[in-house]
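A short worksheet on the structure shown next.
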Amino acid sequence: MRMPKLTAFLTATAVFTSVLAASAAEVHVLNWKGYGADEPWAIAAFEKATGNKVVNDFFNSEQEMLTKLRTNPGLYDVVMINAAFNDQAMAEKLIQPIDTSKLSNYADISPDKAGSPMLDHDGKVYGVPWVWGLTALAINEKSFDKPPTSITEMWNEAHKGRVVIRDDAVEAVQFGAIATGQNINDIKDMEAVKAKLSSLMPQIKTFWSSENDWNQMVASNQIDIGTYWSGSADRAKTHFKLPVSLVIPQEGAVAWLDAFSIPVGSKNVTGAEAFINYMIDPKFYVEWVTKVGAPVSANTKAVEALPEDAFNRKVMGDPDVAKRIQFQAPITDAQREAYLALWQQLKVDVK
């Protein structure tokens, strides 16, 4: 009589295990590496709360992100997209509308971010605002007695061979626009931008493409100054204890808004909604800022939960800073091709 009981027990166990496996759906997330969504403690908390298993994949540029969506239909459930690229992703039918009623934290997104025309199309939401930040300057504190205030410090002969700039054509051209006093979304004098960037090339040590590149160079004291993302500069100081400070030049800085979208063909929309809601939750954000360093949350309650003297509240919320920043807007394919051609020529000519 023992065998039938044992068989029944094993059968029941197998069924129970199968049910558990089925309920532990996977949420495939496409994002930058080291950008919140892949923090081990965050993944553990989300998986414990929802029963979903997070599977991360990464990209190093918006173009690579779009390529991965095009060539892997149905693979991803969540993708982080710079709002300036949301139009393109939507037009190519790479992402689908999001039912924000399923996101309890969506109501606390700041109205200007939630109402962005880059994310809201014909009354449908294609991107949930997550965080925003700047491409400004970051300095190696060992190289300065006091932080510079102007973008022109990049051209200072004292830093020759110790300057870096991100290897991104759009960002570089927009940076050049700021350096020549122009609107990054309405550049009237491209020749001035070309001349300004060309004169910067002799200063350049290298062109960086990842946060890790930048941090390794400052850790080994190879660089003095360079373009960098505000959240990355915060992480470099907070998490990696590097001698890094962010500088928002008096001339201004490029601002960007990052949002989460759900790709067309997602196999786990419910899990995707839960993941996005977790990512915009104040509890996650405060822990992310405290433990690692992060850009500014689009959730007003999340920012208000930070200490009053926190950088992302005091400095990034400063009205004077708000006047100096320019948010990226979508650009046409023709503009992107022109920027890329200019940037490639400049890199060829670098001495």
Less than 4.5 Å apart, any side-chain heavy atom of Asn31 and any of Asp38?
no

Do you reckon Ile139 sits in the same ILVMFWY cluster as Val244, going by side-chain contacts under 4.5 Å, direct or chained?
no

Between Gln203 (side chain) and Met154 (backbone), is there a donor-acceptor pair under 3.5 Å?
yes

So, do Thr206 and Met217 sit near enough that their side-chain heavy atoms are less than 4.5 Å apart?
yes

Close side-chain approach of Leu340 to Glu337, heavy-atom, < 4.5 Å
no

Measure from the ring center of Tyr35 to the ring center of Trp229 and say whether it is less than 6.0 Å.
no

By side-chain contact (heavy atoms from CB on, under 4.5 Å), which residues pair with Ala136, not counting sequence neighbours?
Leu134, Leu246, Pro249, Ala253

Does the Thr238 side chain pair with the main chain of Arg235, one donor and one acceptor, at a distance under 3.5 Å?
no

Between Asn312 (side chain) and Ala294 (backbone), is there a donor-acceptor pair under 3.5 Å?
yes

Check step by step if side chain to side chain donor-acceptor pair (under 3.5 Å) holds for Asp112 and Ser110.
CA-CA 6 Å; Asp112 62 314; Ser110 64; 2.9 Å; yes

Closest contact, heavy atoms only, Leu119 versus Ala83
CD2-CB, 3.8 Å

What pair of heavy atoms forms the shortest contact from Ala37 to Ile43, and how long is it?
O-CG1, 3.6 Å

For the OG atom of Ser245 and the CG atom of Asp234, what is their distance to the nearest 0.5 Å?
10.5 Å

Starting from the C-alpha separation in whole Å, work towards a yes-or-no answer on side chain to side chain contact (heavy atoms under 4.5 Å, CB included) for Ile276 and Ile262.
CA-CA 9 Å; Ile276 293 171; Ile262 299 178; 3.9 Å; yes

Residue pair Gln174 / Asn185, side-chain heavy-atom distance below 4.5 Å:
yes

Could you walk me through whether Tyr285 and Asn299 pass the side chain to side chain donor-acceptor pair (under 3.5 Å) check?
CA-CA 9 Å; Tyr285 179 70; Asn299 185 326; over 6 Å; no

Test of understanding: clusters of I, L, V, M, F, W, Y form through side-chain heavy atoms closer than 4.5 Å, transitively. Do Val163 and Leu242 belong to the same one?
no

If you define the side chain from C-beta out and look only at heavy atoms, does anything of Phe275 sit under 4.5 Å from Asp77?
no

Please assess Asn140 against Asn221 for the test side chain to side chain donor-acceptor pair (under 3.5 Å), listing each intermediate value before the final yes or no.
CA-CA 8 Å; Asn140 178 349; Asn221 198 31; 2.8 Å; yes

Audit row: Asp258, Trp132, side chain to side chain contact (heavy atoms under 4.5 Å, CB included) steps and yes/no
CA-CA 6 Å; Asp258 286 340; Trp132 68 273; over 6 Å; no

Taking NZ in Lys237 as the centre, count heavy atoms belonging to other residues, nucleotides or ligands within less than 6.0 Å. Is the count above 12?
yes

Looking at the rings of Trp288 and Phe284, which for Trp means the six-membered one, are their centres under 6.0 Å apart?
yes

Membership question, hydrophobic clusters at under 4.5 Å side-chain separation (ILVMFWY): are Trp214 and Phe207 in the same one?
no

Let me see the working for Ser297 and Ile280 under side chain to side chain contact (heavy atoms under 4.5 Å, CB included), right down to the final yes or no.
CA-CA 7 Å; Ser297 177; Ile280 61 175; 6.0 Å; no

Within a strict 4.5 Å, meaning less than it, do heavy atoms of the Asn268 and Glu26 side chains meet?
no

Value rounded to 0.5 Å, distance of CD1 in Ile331 from CD1 in Ile184:
10.0 Å

Can you check whether Trp32 and Phe59 have ring centres sitting under 6.0 Å from each other?
yes

At their closest point, which heavy atom of Val264 faces which heavy atom of Lys93, and how far apart are they?
CG2-O, 3.3 Å

Should Trp343 and Asp167 be marked as a side chain to side chain donor-acceptor pair (under 3.5 Å) after you check the CA-CA gap, both sets of side-chain angles, and the distance that decides it?
CA-CA 9 Å; Trp343 185 234; Asp167 190 7; 2.9 Å; yes

Okay, side chain of Ser210, backbone of Asp213: is any donor-acceptor separation there less than 3.5 Å?
yes

Should Phe144 and Val164 be regarded as members of a common hydrophobic cluster, given that ILVMFWY residues are connected when their side-chain heavy atoms come within less than 4.5 Å of each other, either directly or indirectly?
no

If I take atom CZ from residue Phe175 and atom CG from residue Leu137, how far apart are they, to the nearest 0.5 angstrom?
5.5 Å

Do side-chain atoms of Asn277 reach the backbone of Asn105 as a donor and acceptor pair under 3.5 angstrom?
yes

Polar side-chain atom of Asn72 near backbone of Leu75 as donor-acceptor pair, under 3.5 Å:
no

Walk me through whether Gln216 and Phe240 qualify under side chain to side chain contact (heavy atoms under 4.5 Å, CB included).
CA-CA 10 Å; Gln216 285 189 344; Phe240 298 108; over 6 Å; no

Value rounded to 0.5 Å, distance of CE in Met118 from CZ in Phe85
11.0 Å

Of the non-hydrogen atoms in Val269 and Gln96, which two are nearest, and what is the gap between them?
CG2-NE2, 4.3 Å

Would a distance-only check, ignoring hydrogens and angles, find a side-chain to backbone donor-acceptor pair under 3.5 Å from Lys68 to Phe58?
yes

Could you check whether any side-chain heavy atom of Asp189 comes within less than 4.5 Å of a side-chain heavy atom of Thr180, counting everything from C-beta outward?
no

Here the gap from Lys205 atom NZ to Asp224 atom CG, rounded to the nearest 0.5 Å, amounts to 10.5 Å

Test your reading of the model: is there a side-chain donor-acceptor pair from Trp155 to the backbone of Lys196, 3.5 Å cut-off?
yes

Indicate yes or no: does Arg336 engage Glu62 in a salt bridge with an N to O separation below 4.0 Å.
no

Could you tell me whether Asp320 and Lys323 have a side-chain N and a carboxylate O separated by less than 4.0 Å?
no

Is it the case that more than 12 heavy atoms not belonging to Lys314 sit under 6.0 Å from its NZ atom?
no

Restricting to non-hydrogen atoms, name the atom on Pro147 and the atom on Val247 that form the minimum distance, rounded to 0.1 Å.
CB-CG2, 4.3 Å

Below 30° counts as parallel, above 60° as perpendicular, anything between as tilted: where do the rings of Tyr228 and Trp208 land?
perpendicular

If we ignore hydrogens and angles and just use 3.5 Å, is the side chain of Thr227 paired with the main-chain N or O of Arg166 as donor and acceptor?
yes

Shortest non-hydrogen contact between Thr50 and Ala274, atoms and distance:
CG2-CB, 4.3 Å

For Gln63 and Ser61, which I'm curious about, is there any donor-acceptor pair between the side chains at under 3.5 Å?
no

Working to the nearest 0.5 angstrom, can you tell me the gap between Ile165 CD1 and Ile225 CD1?
11.5 Å

Do the side chains of Ile81 and Leu66 join up, straight or via other hydrophobic residues, at under 4.5 Å, putting them in one cluster?
yes

Does any donor atom in the side chain of His121 or Asp87 lie under 3.5 Å from an acceptor atom in the other side chain?
yes

Hey, are the side chains of Trp130 and Pro295 touching, using non-hydrogen atoms and a 4.5 Å cut-off?
no

Tell me whether Glu273 contacts the main-chain N or O of Lys102 through its side chain, where contact means a donor paired with an acceptor under 3.5 Å.
no

